[in-house]
2 protein chains.
Amino acid sequence: MAETTTVGDAPFPPELFMDLDRSSPVPLYYQVAERIESAITSHALPAGSRIENEIALSERLGISRPTIRRAIQEVVDKGLLVRRRGIGTQVVQGQVTRGLELTSLFDDLIRGGQVPTTELLSRETLPASAAVAEALAVPLGSDTLHLRRLRSADGVPVAVLDNVLPADYLDLDTAALQNYGLYQVLRSRGTTMRVARQRIGARRASADESELLELEDGAPVLTASRTVFDDSGRAVELGTHCYRPDLYSFDVTLVQK
Amino acid sequence: MAETTTVGDAPFPPELFMDLDRSSPVPLYYQVAERIESAITSHALPAGSRIENEIALSERLGISRPTIRRAIQEVVDKGLLVRRRGIGTQVVQGQVTRGLELTSLFDDLIRGGQVPTTELLSRETLPASAAVAEALAVPLGSDTLHLRRLRSADGVPVAVLDNVLPADYLDLDTAALQNYGLYQVLRSRGTTMRVARQRIGARRASADESELLELEDGAPVLTASRTVFDDSGRAVELGTHCYRPDLYSFDVTLVQK
DNA sequence: AGCCTGGATATGTCAAGACAAATATAGATG
DNA sequence: CATCTATATTTGTCTTGACATATCCAGGCT
């Protein structure tokens, strides 16, 4: 009775999978996942509707079931689909917001259509404190690069970014740091960042911060402290950031497993 | 040269997989993932070390390679392992912090060894505003249940929780809401929550909030507004929460895919 | 009408095998 | 000595096949 909002089956538009390319370096499961996702965000598959089952899709596309399953799972992990055994796979209601990926503020701003600029406030080489040595897994007292930057969007200050990097990065290009995001600079050095652990909180802005961010004294700021690890598991960066809460927030999508 | 912190191979302790149970309802891949994870958190596999490769593990345990792969992938998704083709799989450095799962503040506090209590400040049935109707995907003006609760840990107020639920939940048990978390109450009604989308930010506490949370006027609070969907994709709850930032923060682990 | 049962449906788990692609290492070549 | 090349290693992708399990629905029984 109260189930009246349920929507019936919605087959995929037949043309959706016409351009799958088996010879492409892009994996098949990824190509399929992309098309399912775009069918949802374009509302070709309405919210609440049930999608074609795995077996049928697999046969219709001439792709094995494990590959189809993997494609669907990608979309489930993004929070756009839900699956129930014996029932099927349905489209989640609600607006789609981009999930929190391993991106930097710099990337986020660009994606939002804004123009990010960076002012390098300070750059020092300092011995690792106990806390830093612990977080970066480097010897106590070893050289570390400390950066302090002010990030603005369309000329308005958005965040104060403090970063500490291990000795491998003492020679980072100062000019590049003014023009690109830290993550872009690290990537261009061949570092591939794989895992980030971060804690998000709030506190009053310090005197420094409120001046830089053009806030009143003691105004609230959103904070994030993150440690980033590369593809061999080594700590690459320790970031302590504070954001103007009226200009920035974090979007997170969680999926129950 | 700068690679001196790399640690060599670390075989799994042979006894680690002795008690795998193929007849258990717990999936094999999950049993294996659990044991790998505990080997990491117990430091039996030191940070930076390389684990046994898939083929060897698969043969040694008499389990197919896809199943082993899935087990390892589970641990990778938690941010404890990183993989590189041609290289192997290595343990990520740094402390392990529990990731952000689809849990409630109530569950979080219990896990932290604290005693959560809930005071039901108000409970009203109100017609859905435009914003609520949009977020919950219910008709404009339809009945919705509005809750306002004060959550404390060990007697100290931690958060003010505002929740809006669709008409299906108008008859929620008031007594249960005083003694259990909202999510526990929903689960006991047979609702299984699958996806949550939330935005985390910061702002000044309102007069109400600062009084309830025993803060000064205008003190900063950490805010989260989330929409939760059940296993059929329907919106279950719209939450607007504000936390005392000295007592609570969000931990998030991100993995680059 | 109410309850049980069996079949249909769809996802969940597991296996065995094949080939592709990225990386490191050791050896051959200039 | 430096550089290129072949090879071994390891993860990434894809296929075919099988059975288990949860759910819904229709039919038959009480």
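All chains are named by letter (A, B, ...) in the order of the sequence lines, taking the proteins before the strands, and each is independently numbered beginning at 1. Below, all heavy atoms of this structure are taken into account, side chains as well, without hydrogens, waters or symmetry copies.
Straight-line distance from the CD atom of B:Gln73 to the P atom of C:dT13: 15 Å, rounded to whole Å. As rounded to whole Å, 13 Å separates atom C1' of D:dT10 from atom CD of B:Glu59. Rounded to an integer number of Å, the gap from A:Leu57 CG to D:dC14 C1' is 17 Å. If you measure from atom CZ of A:Arg22 to atom P of D:dG12, you get 21 Å, rounded to the nearest angstrom. Counting to the nearest Å, the C1' atom of C:dA10 and the CZ atom of A:Arg69 are 10 Å from each other. As rounded to whole Å, 15 Å separates atom P of C:dA10 from atom CD1 of A:Ile68. The interatomic distance linking A:Glu54 (CD) with C:dT9 (C1') rounds to 12 Å, in whole Å. Taking atom CD of A:Gln90 as the reference point, atom P of D:dC24 lies 11 Å away to the nearest angstrom.
Looking at which nucleotide of DNA chain D each of A:Val26 and A:Arg65 is closest to, the 5′-most match is held by A:Val26. Each of B:Arg84 and A:Gly86 has a nearest nucleotide on DNA chain C; the 5'-most of these lies closest to A:Gly86. Looking at which nucleotide of DNA chain C each of B:Ile87 and A:Thr89 is closest to, the 5′-most match is held by A:Thr89.
The side chain of B:Leu28 approaches C:dA15 more closely than any other nucleotide in the set C:dA15, D:dT21, D:dG12. In the set C:dA20, D:dC14, D:dT15, the nucleotide with an atom closest to the side chain of A:Ile63 is D:dT15. Nearest to the side-chain atoms of B:Pro66 among the listed nucleotides D:dT10, C:dA16, D:dT16 stands C:dA16. The nucleotide whose nearest atom lies closest to any side-chain atom of A:Thr67 is, among C:dA10, D:dT15, C:dA18, D:dT15. The side chain of A:Ser64 lies closest to D:dT16 when the candidates are D:dT16, C:dT13, D:dT10. Side chain of B:Asn53, nearest nucleotide from C:dA10, D:dT16, D:dT11: D:dT11.
Applying the 4.0 Å criterion to OP1 and OP2 of C:dC14, one finds that B:Tyr29 has every side-chain N and O outside that range. The phosphate of D:dT10 has neither OP1 nor OP2 within less than 4.0 Å of any side-chain N or O from B:Arg83. Taking 4.0 angstrom as the limit, B:Arg70 places none of its side-chain polar atoms (N or O) nearer than this to OP1 or OP2 of C:dC14.
Closest heavy-atom contact between A:Ile63 and A:Arg22: CG1-NH1, 4.0 Å.
The residues B:Arg194 and B:Asp231 are annotated as not salt-bridged, no charged nitrogen and carboxylate oxygen being separated by less than 4.0 angstrom. Ion pairing between a basic and an acidic side chain is recognised when a charged N comes within 4.0 Å of a carboxylate O; A:Arg187 and A:Asp230 show no such pairing.
Between atom CD of residue A:Gln31 and atom OG of residue A:Ser24 there is a gap of 4.5 Å, rounded to the nearest 0.5 Å.
Remark: the backbone N or O of A:Tyr30 is not paired with any side-chain donor or acceptor of A:Arg35 at under 3.5 angstrom.
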